[in-house]
Amino acid sequence: MSYDEAKKKYSSVGVDTEKAIETLKNVTVSIHCWQGDDVTGFDQRQSLSGGIQTTGNYPGKARTPEELMRDIDESFSLIPGKKKLNLHASYAIFDSDPVGRDKIRPEHFKKWVDFANERGIGLDFNPTFFSHPMVKDNLTLTSPDENVRKYWVEHGKRCVEISEYFAEMTGQPCLMNIWIPDGYKDIPGDRLGPRKRFMESLDEILSVPYDKNKVFITLESKVFGIGLESYTAGSAEFCLLYSATRHITPLMDNGHYHPTEKVSDKISSLLIFSDRLALHITRPVRWDSDHVVIFDDETREIAKEIVRCGALDKVFIATDYFDASINRTAAWVIGVRSVREALLFALLQPEKQLKKLQDESDFTHLLALHEEMKIMPFSDVWEEYLRRENVPLNFMDAIDKYEKDVLSKR
């Protein structure tokens, strides 16, 4: 079926495909840098810690800032739509001797700002509270050791400064996301103490003056990590309540909940109480495994909830996964394109009609229409969108060529 025929088919159920494509053009997805080098970063060579793990040893891993930037460029050329680049603090680039994370400054990210400005994209940022010698007994901002805690508080403060620098230099707001792995492998003797210290640490970080129109600080929860199975200080309840009471933006990562919980079901609740919401979109397989995002049910439901709530301008959408078992450049492309596919699929739903049927308690026709939309000619609209974005439908030839010409020679 051609696009013109698909357009008529969607029109028969009250959906304007032109409006959907035009709306998607203005949706930005923030793309994580750490897929390209297995979350290694450049400030040191500490092994990955903090309850997270990258598996696989596919050839071609980026080893330098220049290699990572080149891989990002290749991936971005195959991904349609508006983009931002999401950096971790561990990706600081030092021209001389490295400094500690408590001493990083904007100048250590100037090359990333230049990279972003040359491509007309914005930057998001994350303090890096893992894979570092100052993580003591798996603890950072919750540590009972005041030297450890103060080190990481200072790191957080420096990251606020860097985030504002990003916003000022790129002319685009910067989202700064705080996530810590702090927790215990076995049953703790004190659950309250670490969370109270976490609250105090966050309050200290937020005491740094910053322009709230330029920097949006978010807080991300997690249910558990490898070696941190019994207790995580930054639980969902803690992070949501802290965000609400300190008037910062809540962030949900759909891999950071119990397997039966669905972030898609939580979006509408949070949007009632928060002006903005941030998402890290991943694909958990049994746990927070950070598999490459695909065009699956939950990714589509997340996108549909954003659209249904009229929240495309209220939700910060970012990707977060890392797979070293496949071509890393392809992983970026597959995952981010899947997010954009889900957004287009959501924009092609007859939301007014679905809502009307629900409000009329006509659940028979509601179910039938849900099922009918699954077999609508979505692929024809997706192909038309890609054509207008000057991005190829079939990208693996370009991936294979880049692997042969570049990645295989590393």
Side-chain angles (χ1 to χ4, degrees), residues 89 124-129 139-144 146 148-150 152-164 167 173-184 188 190-225 228 231-258 261-280 305-306 309 311 313-318 320:
D124 290 328
F125 200 48
N126 307 262
T128 307
F129 294 101
L139 303 178
T140 61
L141 293 179
T142 72
S143 178
E146 275 299 292
V148 171
R149 194 182 73 83
K150 287 181 179 179
W152 291 110
V153 167
E154 188 62 25
H155 174 61
K157 290 179 176 180
R158 299 284 63 77
C159 289
V160 175
E161 178 189 4
I162 293 164
S163 297
E164 191 162 43
C174 175
L175 185 148
M176 190 193 96
N177 179 51
I178 297 173
W179 171 77
I180 64 169
D182 297 34
Y184 296 100
D190 174 20
R191 287 183 169 89
L192 181 63
R195 287 183 172 136
K196 186 177 180 181
R197 289 191 291 271
F198 190 19
M199 179 187 71
E200 292 168 350
S201 296
L202 290 170
D203 286 346
E204 289 183 59
I205 292 170
L206 292 178
S207 71
V208 175
Y210 66 95
D211 188 334
K212 293 179 174 60
N213 293 314
K214 293 180 178 178
V215 177
F216 292 87
I217 295 181
T218 67
L219 183 62
E220 177 182 7
S221 66
K222 191 169 184 179
V223 66
F224 84 101
L228 305 163
Y231 170 87
T232 301
S235 64
E237 295 81 7
F238 177 95
C239 291
L240 289 177
L241 287 167
Y242 186 90
S243 298
T245 55
R246 270 51 172 189
H247 307 291
I248 62 173
T249 302
L251 185 145
M252 293 190 293
D253 180 311
N254 62 297
H256 286 194
Y257 294 85
H258 290 285
E261 288 186 276
K262 299 295 183 184
V263 159
S264 57
D265 186 53
K266 303 174 189 294
I267 290 172
S268 56
S269 295
L270 268 66
L271 285 172
I272 290 174
F273 296 100
S274 181
D275 292 335
R276 291 182 179 271
L277 171 65
L279 298 175
H280 276 186
E305 281 301 307
I306 297 171
C309 294
D313 61 343
K314 298 178 182 178
V315 177
F316 297 102
I317 302 171
D320 182 4

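Throughout, residue positions are numbered sequentially from 1 according to the sequence presented. A quick note: this is a predicted structure, and the numbers were derived from the prediction, not measured.
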With the threshold set at 4.0 Å, does a side-chain nitrogen-carboxylate oxygen contact exist between Glu204 and Lys150? no
Give the C-alpha distance, both sets of side-chain angles, the deciding distance and a yes or no for side chain to side chain contact (heavy atoms under 4.5 Å, CB included) between Leu279 and Ile306. CA-CA 10 Å; Leu279 298 175; Ile306 297 171; 3.7 Å; yes
Are any of the side-chain nitrogens in Glu146 or Arg149 under 4.0 Å away from the carboxylate oxygens of its partner? yes
Roughly how far apart are Lys222 NZ and Asp253 CG, rounded to 0.5 Å? 8.0 Å
Do the non-hydrogen side-chain atoms of Lys314 and Ser274 ever get within less than 4.5 Å of each other? no
In terms of heavy-atom contacts, does CG of Asp265 have more than 12 from other residues, nucleotides or ligands at under 6.0 Å? no
Rounded to the nearest 0.5 Å, how far apart are CD1 of Ile178 and NE2 of His155? 9.5 Å
Please test Val148 against Leu139 for side chain to side chain contact (heavy atoms under 4.5 Å, CB included), starting from the C-alpha separation and ending with a verdict. CA-CA 8 Å; Val148 171; Leu139 303 178; 5.8 Å; no
Any idea which heavy atoms bring Asp313 and Arg276 closest together, and the distance? O-NH1, 3.4 Å
Chi angles and distances behind the side-chain hydrogen bond (donor to acceptor under 3.5 Å, both in side chains) call for Tyr242, Asp203: CA-CA 10 Å; Tyr242 186 90; Asp203 286 346; 2.6 Å; yes
Heavy-atom distance under 4.5 Å between the side chains of Phe273 and Pro250, does that happen here? no
Tell me whether Tyr231 contacts the main-chain N or O of Arg191 through its side chain, where contact means a donor paired with an acceptor under 3.5 Å. yes
Spacing of CE belonging to Met199 relative to CG belonging to Leu141, to within rounding of 0.5 Å: 13.0 Å
Check whether Asp320 reaches the backbone of His280 with its side chain - one donor and one acceptor, N or O, closer than 3.5 Å. no
So OH of Tyr257 and OG of Ser221: to nearest 0.5 Å the spacing works out to 4.0 Å
Hey, is the main chain of Asn126 close enough, under 3.5 Å, to the side chain of Asn177 for a donor-acceptor pair? no
If you take all heavy atoms of Leu271 and Ala311, which pair is closest and at what distance? CD1-CB, 3.5 Å
Any donor and acceptor pair, going by atom type alone, linking the side chain of Thr128 with main-chain N or O of Ala89 inside 3.5 Å? yes
Exam field: side chain Thr142 to backbone Arg195, donor-acceptor pair closer than 3.5 Å: no
